[in-house]
There are 2 protein chains.
Amino acid sequence: MTKEKVSAIQQGIRQYPLLSASYQEVLIQADAALAAPINVPVPKDGGGGVTHEQHKKNYANIFNCGIVYQITKDIRYANYIRDILLNYASQYEKWPLHPAKKEQEPGRIFWQNLNDFVWQVYTIQGYDMVYDALAVKDRQQIETHLFKPILHFFTVDCKKTLDWIHNHGTWCLAAVGMTGYVLNQPEYVQMALKGSKKDGKTGYMVQLNELFSPDGYYAEGPYYQRYAMLPFIILAKTINNYQPELKIFDYRNKILSKAMNTTLQTTYTNGFFFPINDAIKDKSFKSPEIVLGVNIAYADIAPEPGLLDVAQRQQRVTVSDAGLEVSKAISEGKSQPFDYISTWFTDGAKGDQGGLGILRHGDNKDQQCVVLKAASQGMGHGHFDRLNMLYYDNNVEMFFDYGASRFINIESKGGGGYLKENNTWAKQTIAHNTIVADRTSHFKGKLKDAELTAPKISGFKNTPTIKYLYAKEDKAYTGIGLSRLVGLVSVPELDKPLLVDVFQAQSNKEHHYDLPFWYKGHIVAASFPITANTAELRPFGTDNGYQHIWNVAAMQTKENTGFVSILNNYRFYTTYFIHDTPLKINLVRTGANDPYLNLTEANGFIQSAKGKGVTTFVNLTETHGNVSPGNETVVNAKPSVTHLQIQKKSDRKFSLIFLARETQRRLDIDLDDNDNIIKIQ
Amino acid sequence: MTKEKVSAIQQGIRQYPLLSASYQEVLIQADAALAAPINVPVPKDGGGGVTHEQHKKNYANIFNCGIVYQITKDIRYANYIRDILLNYASQYEKWPLHPAKKEQEPGRIFWQNLNDFVWQVYTIQGYDMVYDALAVKDRQQIETHLFKPILHFFTVDCKKTLDWIHNHGTWCLAAVGMTGYVLNQPEYVQMALKGSKKDGKTGYMVQLNELFSPDGYYAEGPYYQRYAMLPFIILAKTINNYQPELKIFDYRNKILSKAMNTTLQTTYTNGFFFPINDAIKDKSFKSPEIVLGVNIAYADIAPEPGLLDVAQRQQRVTVSDAGLEVSKAISEGKSQPFDYISTWFTDGAKGDQGGLGILRHGDNKDQQCVVLKAASQGMGHGHFDRLNMLYYDNNVEMFFDYGASRFINIESKGGGGYLKENNTWAKQTIAHNTIVADRTSHFKGKLKDAELTAPKISGFKNTPTIKYLYAKEDKAYTGIGLSRLVGLVSVPELDKPLLVDVFQAQSNKEHHYDLPFWYKGHIVAASFPITANTAELRPFGTDNGYQHIWNVAAMQTKENTGFVSILNNYRFYTTYFIHDTPLKINLVRTGANDPYLNLTEANGFIQSAKGKGVTTFVNLTETHGNVSPGNETVVNAKPSVTHLQIQKKSDRKFSLIFLARETQRRLDIDLDDNDNIIKIQ
């Protein structure tokens with residue numbers, strides 16, 4: 001919020017519904033803060049615990065009271081901030097490193113320093129908003145005994161984090177930089193921009209160069225990109241307010257604008273982020289970081305009308321210059337549906353570390369969306385899931401990613417942090433929709449090896465009727481080359497495009513391959529008899545994640561081809577497979593070797609086969625029909641594709657022939673044709 | 001729709017948004033019907049199959065075209081009805097009993113005659129709406145070769161169903177009665193009202209007397225009450241149009257009005273029906289039957305403003321006189337929140353066959369709701385679940401009922417009908433939240449025995465701070481008396497009322513008791529170590545439904561008291577138990593002995609103990625806190641109740657003493673005090 005815009009914001013609150021509603025929320029919380037006694041407990045508890053939650057609440061209160069003070073100029077809100085900060089100032093210097101510290105770098109207010117940085121990012125904004133209302137001696141007290149010790153702690157004790165090219169580092173930089181500006185301490189601003197040594201080898205500009213790909217993709221994946229965007233954006237906004245001459249929003253070919261767009265593009269149309277790598281699955285673009293990001297992206301970078309659509313669905317704006325502009329534009333009817341695109345987002349600072357591929361078909365109300373993960377490992381939060389594939393449709397997940405094993409902020413579940421099963425299950429390859437060779441995870445589950453290399457983007461097409469992504473991964477297993485082609489192909493006789501999935505493994509030696517499809521919904525039909533185990537369930541294996549899944553059924557198909565039909569959210573999905581030899585289909589469910597119930601429920605079917613030379617898993621998923629429980633009607637419950645056959649010219653060139661509602665169709669696959677890997681006739 | 005109101009409805013479509021939107025839906029479907037070739041296939045397939053769905057579509061088309069003809073007077077819609085009915089008339093007499101018939105009484109168009117009745121109820125309305133537009137010879141053809149043979153089939157071949165006091169019978173009566181009126185065949189009207197012999201021993205009036213309790217509760221339960229309401233209401237409306245002197249809506253102290261209200265009262269605030277007995281769980285008051293029922297209830301019986309609230313949430317009205325009134329009233333702002341009440345709905349024609357008890361606390365946006373099933377068996381669709389208890393909160397299920405084992409209309413799942421597991425699992429006692437003695441279902445699962453007797457309503461209170469239901473069941477097991485008290489009790493220190501649950505079993509002999517709580521959500525904490533089976537799962541038992549659940553964990557508590565905390569839909573639920581001896585807590589999950597994957601996923605914890613004399617299971621469930629995944633905050637994750645103790649004066653009089661946020665509270669239970677079973681101090 002700038003001084004110049006305060007009266008316009010006051011006016012906007014009366015005029016624009018979204019800003020008005022957003023301010024009312026802030027006001028309610030600020031008033032609740034005023035009504036409660038000030039509580040600054042000595043730090044004690046881990047994530048989700050009482051003191052942890054209280055300190056989180058305190059920074060939110062400080063921030064909210066700052067906003068309300070600016071709007072109302074009611075001194076009570078400024079006094080609240082004064083009193084609580086004086087309280088912190090009276091204690092902070094006495095607090096040692098947090099007693100609940102674990103393997104993460106500790107803070108003093110929270111168990112990890114990351115939370116201390118977040119605390120400061122919000123608190124310094126609240127302080128800035130009431131700065132003029134505070135007596136000089138109070139400001140001195142707060143700055144001398146709270147903010148300066150904090151700056152010292154962040155830049156000296158936490159120097160390692162400050163210089164870390166990682167989202168924790170970004171939060172540290174934002175806290176240090178913003179505090180430096182507000183306290184008029186340019187040396188700290190320099191540290192934020194150029195690293196602890198002010199030599200430009202680390203710091204914000206280096207992070208902007210290295211953490212994002214040229215497409216604005218963040219190596220840790222969408223969940224952490226969402227989280228990292230806030231400090232990136234808010235520090236940029238602060239820099240732009242104090243030093244507009246730096247033209248920070250133009251830096252690196254408008255990298256922040258691209259990053260914000262990519263953040264939104266890595267959601268499905270229901271707003272939820274693709275949960276690859278360590279991800280909490282109920283994070284959507286409604287989270288506060290993205291509200292702020294969208295507002296600043298619209299107001300300070302480029303007024304894309306699709307951002308207004310997102311803002312409307314967020315049902316909130318920030319009470320700020322940017323929020324004013326967004327809510328005004330919405331009231332003026334400038335909003336247009338957010339333009340989801342099909343593309344590869346390249347990964348790596350130079351864009352040469354693979355990427356995340358996305359295909360979309362249909363409007364934002366009912367969209368098919370396919371994701372192919374061919375990105376780099378993404379540091380410690382990365383999963384061993386090269387060429388993992390996700391499929392969304394009808395506003396829900398169909399083939400999904402488990403995400404992280406974590407009950408965030410639930411203290412009784414491992415202090416709210418990542419659980420042991422995050423390593424033993426969630427990161428393992430078998431937990432993902434990609435090939436596992438010899439029941440061993442990619443890179444044998446070793447992070448260092450995985451970080452050395454990335455998949456290769458090998459194909460892309462985006463026409464109205466044929467869309468595909470093609471990628472290769474040669475290092476996940478020694479001596480095995482993996483490649484996957486996924487496409488959405490319109491077949492005239494079918495209501496919706498077919499999901500085409502051709503997964504090849506190539507090796508001189510024989511290997512055992514498992515290809516899981518973790519699915520939502522319920523299996524309602526199959527081409528072979530379903531024979532689930534009735535009298536006992538045993539784990540599917542002993543390690544690499546296999547120990548965590550029950551083998552519900554193990555079925556040897558008699559034919560080389562067959563299908564499984566699933567009913568999910570009142571729509572049918574039939575996956576046809578065709579293979580060189582009959583496949584073994586295993587049905588599996590999470591929960592084995594899980595004594596503390598740390599795993600959530602997931603169901604999958606796994607295609608298993610041995611192979612030598614080139615082994616090809618072909619799967620075509622037809623999206624069909626619907627069930628209306630209210631009207632008790634069913635349409636197209638039976639799939640329309642039948643008589644699937646394969647005609648091979650070579651391992652890399654073959655045709656899939658089938659009947660689509662009695663019409664013969666041929667899908668030609670030529671993995672060596674750079675421009676037309678898939679043709680339909 | 002009456003002739004007098006047609007022009008008002010035409011006007012209303014221009015004026016009232018709800019009527020307008022509803023008409024647009026009808027118009028789209030009618031136009032789709034006109035655009036497609038007429039298709040009257042020879043009946044062949046079972047539920048969900050192609051010919052089944054086509055004939056369903058045909059009656060919907062006939063009905064929709066009738067409406068659009070009335071509104072537009074466009075002859076094309078009348079011609080469609082003429083052509084399709086002439087087509088039916090050219091074939092119907094040749095059709096034998098349906099080839100896919102099963103144990104149900106067969107129809108000729110559908111595999112069960114029930115669907116034929118439904119077909120005729122809609123078709124005769126469509127015919128009536130275009131009657132004036134058809135040539136006399138076409139009408140003769142249709143009546144002679146379709147409707148009269150249908151009437152003959154329904155009243156002669158299906159006589160048994162016509163005279164059956166059951167919802168199938170109701171549909172038959174409605175079809176026969178409405179067709180009789182439209183064809184001016186009074187003898188058929190007489191059969192509808194007084195049974196096939198016209199002697200008044202069966203038929204509609206007898207059904208009105210016997211199928212509903214004096215409170216308007218229908219013995220089969222809410223799911224079938226919803227289904228039965230349509231023929232009841234639409235035949236009443238027809239009678240009222242043709243013979244207003246019968247004052248059918250006033251019959252039996254306005255029983256139809258009461259029944260409609262009870263239908264709505266047996267939903268939770270999210271609109272979904274309590275799924276007791278054989279119930280498909282995704283049925284809500286948005287289903288078409290209830291749209292019609294609400295419209296007629298408002299327009300023809302009593303204009304309760306709460307019905308308008310329901311109509312708004314249905315987002316539809318019927319395009320009819322009644323729909324006009326409802327949409328007009330909504331546009332005039334007359335709507336008020338539907339008034340959900342706490343009450344016993346008595347069961348049985350005389351109201352002496354137990355009942356369904358409901359407690360509600362909180363407004364319609366966030367309501368706690370407890371259901372105690374102490375009703376009669378409810379005929380063949382009844383489950384063996386005397387004193388079953390359901391708990392809803394925060395717009396979702398917490399302790400739930402599995403409902404029926406059926407994939408309705410999914411032909412690949414047993415033809416869409418009830419599955420074998422409906423008998424072996426869904427009806428069995430262990431599938432419900434009530435006591436199972438000696439691992440045997442109530443009445444040993446024998447319908448005839450269960451139908452002979454009903455539980456006894458033994459207590460009720462409904463004050464702002466204390467609400468309870470109390471009921472007894474002495475016949476479910478020979479020699480064991482069961483009684484259950486469930487209440488919602490406000491404790492000043494707690495955010496929401498405590499769910500109090502005191503379940504007693506009394507017997508001279510020792511028995512093994514299992515008390516399941518089937519829950520939604522995920523167990524996140526317990527007072528005892530959770531030790532789930534890691535290496536194998538075995539069924540919990542061998543029969544009576546036990547064979548269908550895996551025993552995930554079997555834990556012997558060391559104390560007489562303890563708790564289990566569950567996180568469900570971002571809110572916490574902690575169930576404290578206290579017992580005479582330490583309990584065994586079993587965690588269970590559906591899926592055992594389920595080779596075809598007919599069961600859906602359900603999780604439960606079961607309290608197990610042996611007991612002789614009076615065995616008392618006390619459970620207090622605290623509803624607390626919340627998790628905000630967007631803001632990453634957690635509030636009150638830890639429960640506030642601690643140190644639960646029991647002080648007994650006798651088996652039927654005791655106090656539960658506990659700390660609620662450090663304040664000592666005492667809950668006095670006196671099961672012999674008729675007016676104050678629960679007191680809180």
Side-chain angles (χ1 to χ4, degrees), chain A residues 47-50 52-53 56-57 60 280-284 286-288 407-413 416 522-525 529-539 547 550 552-553 565 567 570 587 589 591-597 600-601 603 627-635 637-638, chain B residues 47-50 52-53 56-57 60 280-284 286-288 407-413 416 522-525 529-539 547 550 552-553 565 567 570 587 589 591-597 600-601 603 627-635 637-638:
Chain A
V50 171
H52 180 95
E53 292 296 320
K56 280 169 68 180
K57 200 169 173 184
I280 303 303
K281 294 191 72 169
D282 40 22
K283 279 289 180 186
S284 78
K286 292 187 178 179
S287 74
F407 290 79
I408 195 165
N409 290 320
I410 309 296
E411 207 185 1
S412 58
K413 299 301 285 181
H522 196 98
I523 292 179
V524 293
I530 301 263
T531 53
N533 293 319
T534 55
E536 64 169 10
L537 291 187
R538 296 272 186 186
Q547 74 276 24
W550 299 114
V552 173
S565 285
L567 175 61
Y570 309 115
L587 302 184
R589 184 176 297 168
N593 283 292
D594 179 26
Y596 312 120
L597 308 179
T600 56
E601 287 181 17
N603 292 287
V627 177
S628 166
N631 296 318
E632 296 200 2
T633 55
V634 172
V635 178
K638 283 192 183 164
Chain B
V50 172
H52 180 96
E53 292 297 320
K56 278 168 68 180
K57 200 169 171 182
I280 304 302
K281 295 192 69 168
D282 39 21
K283 280 289 183 187
S284 76
K286 291 186 178 181
S287 74
F407 291 79
I408 195 164
N409 290 319
I410 309 297
E411 205 184 2
S412 59
K413 299 301 287 181
H522 197 97
I523 292 179
V524 291
I530 301 261
T531 53
N533 293 318
T534 55
E536 65 169 9
L537 291 187
R538 297 271 185 187
Q547 74 275 25
W550 299 113
V552 173
S565 283
L567 175 62
Y570 308 114
L587 302 184
R589 185 177 295 171
N593 283 291
D594 178 27
Y596 312 121
L597 307 180
T600 55
E601 287 180 15
N603 292 288
V627 177
S628 166
N631 296 319
E632 296 199 1
T633 54
V634 172
V635 178
K638 282 194 184 164

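By convention in this document, chain letters (A, B, ...) are assigned in the order of the sequence lines, proteins followed by strands, and residues within each chain are numbered from 1. Both backbone and side-chain heavy atoms feed into the values below; hydrogens, waters and symmetry mates do not. It should be emphasised that the depicted structure is a prediction, and the values quoted were computed from it without experimental measurement.
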S.K.: Is the number of heavy atoms from other residues, nucleotides or ligands under 6.0 Å of B/K638 NZ greater than 12?
M.R.: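 Incorrect, the count does not exceed 12.
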
S.K.: Of all of A/K283, A/E632, A/K57, which one pairs up most often with chain B through heavy atoms under 4.5 Å apart?
M.R.: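 Highest number of heavy-atom pairs under 4.5 Å: A/E632.
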
S.K.: Might you point out which heavy atoms bring B/L597 and A/A532 nearest each other, and give the distance in Å?
M.R.: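 Closest heavy-atom pair between B/L597 and A/A532: CD2-CB, 3.9 Å.
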
S.K.: List the atom of B/W550, the atom of A/N533, and the distance in Å for their closest heavy-atom pair.
M.R.: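 B/W550 and A/N533 have their closest heavy atoms at CZ2-O, 3.8 Å.
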
S.K.: Taking all atoms of both residues into account, what is the closest heavy-atom pair of A/Y570 and B/D282, and its distance?
M.R.: OH-OD2, 2.9 Å

S.K.: With a 4.5 angstrom heavy-atom cut-off, is it the side chain or the backbone of B/V627 that approaches chain A, or both, or neither?
M.R.: side chain

S.K.: I'd like to know whether NZ of B/K281 has more than 12 heavy-atom contacts from other residues, nucleotides or ligands below 6.0 angstrom.
M.R.: yes

S.K.: Which of the residues B/A592, B/P288, B/A637 is involved in the greatest number of heavy-atom pairs with chain A at under 4.5 angstrom?
M.R.: B/P288

S.K.: Between B/P595 and A/T534, what is the shortest heavy-atom contact and its length?
M.R.: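 Answer, listing the atom of B/P595 first, then A/T534: CD-CG2, 3.8 Å.
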
S.K.: With a 4.5 angstrom heavy-atom cut-off, which part of B/I280 approaches chain A: side chain, backbone, both or neither?
M.R.: neither

S.K.: Using non-hydrogen atoms only, which part of B/F407 is less than 4.5 Å away from chain A: side chain, backbone, both, or neither?
M.R.: side chain

S.K.: Out of B/A553, B/P539, B/A535, return the one with the most heavy atom pairs under 4.5 angstrom to chain A.
M.R.: B/A535

S.K.: Looking only at non-hydrogen atoms, find the nearest pair between A/N409 and B/T633 and report the distance.
M.R.: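 In this case the closest contact between A/N409 and B/T633 is ND2-N, 4.0 Å.
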
S.K.: Between B/T600 and chain A, with a heavy-atom cut-off of 4.5 Å, which part of the residue counts as in contact: side chain, backbone, both or neither?
M.R.: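 For B/T600, the contact with chain A is made by backbone and side chain together.
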
S.K.: What I'd like to find out is whether the side chain of B/N603 reaches to under 4.5 Å of the side chain of A/E601, using heavy atoms alone.
M.R.: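 SC-SC contact between B/N603 and A/E601 confirmed.
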
S.K.: What part of A/E53 lies closer than 4.5 angstrom to a heavy atom of chain B: side chain, backbone, both or neither?
M.R.: side chain

S.K.: List the atom of B/V524, the atom of A/S412, and the distance in Å for their closest heavy-atom pair.
M.R.: O-OG, 2.9 Å

S.K.: So which part of B/E411 gets closer than 4.5 Å to some heavy atom of chain A, the side chain, the backbone, both or neither?
M.R.: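 Interface part for B/E411: side chain.
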
S.K.: Under 4.5 Å, counting heavy-atom pairs only, tell me which of B/H522, B/K56, B/K413 racks up the most with chain A.
M.R.: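 The residue among B/H522, B/K56, B/K413 with the greatest pair count is B/H522.
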
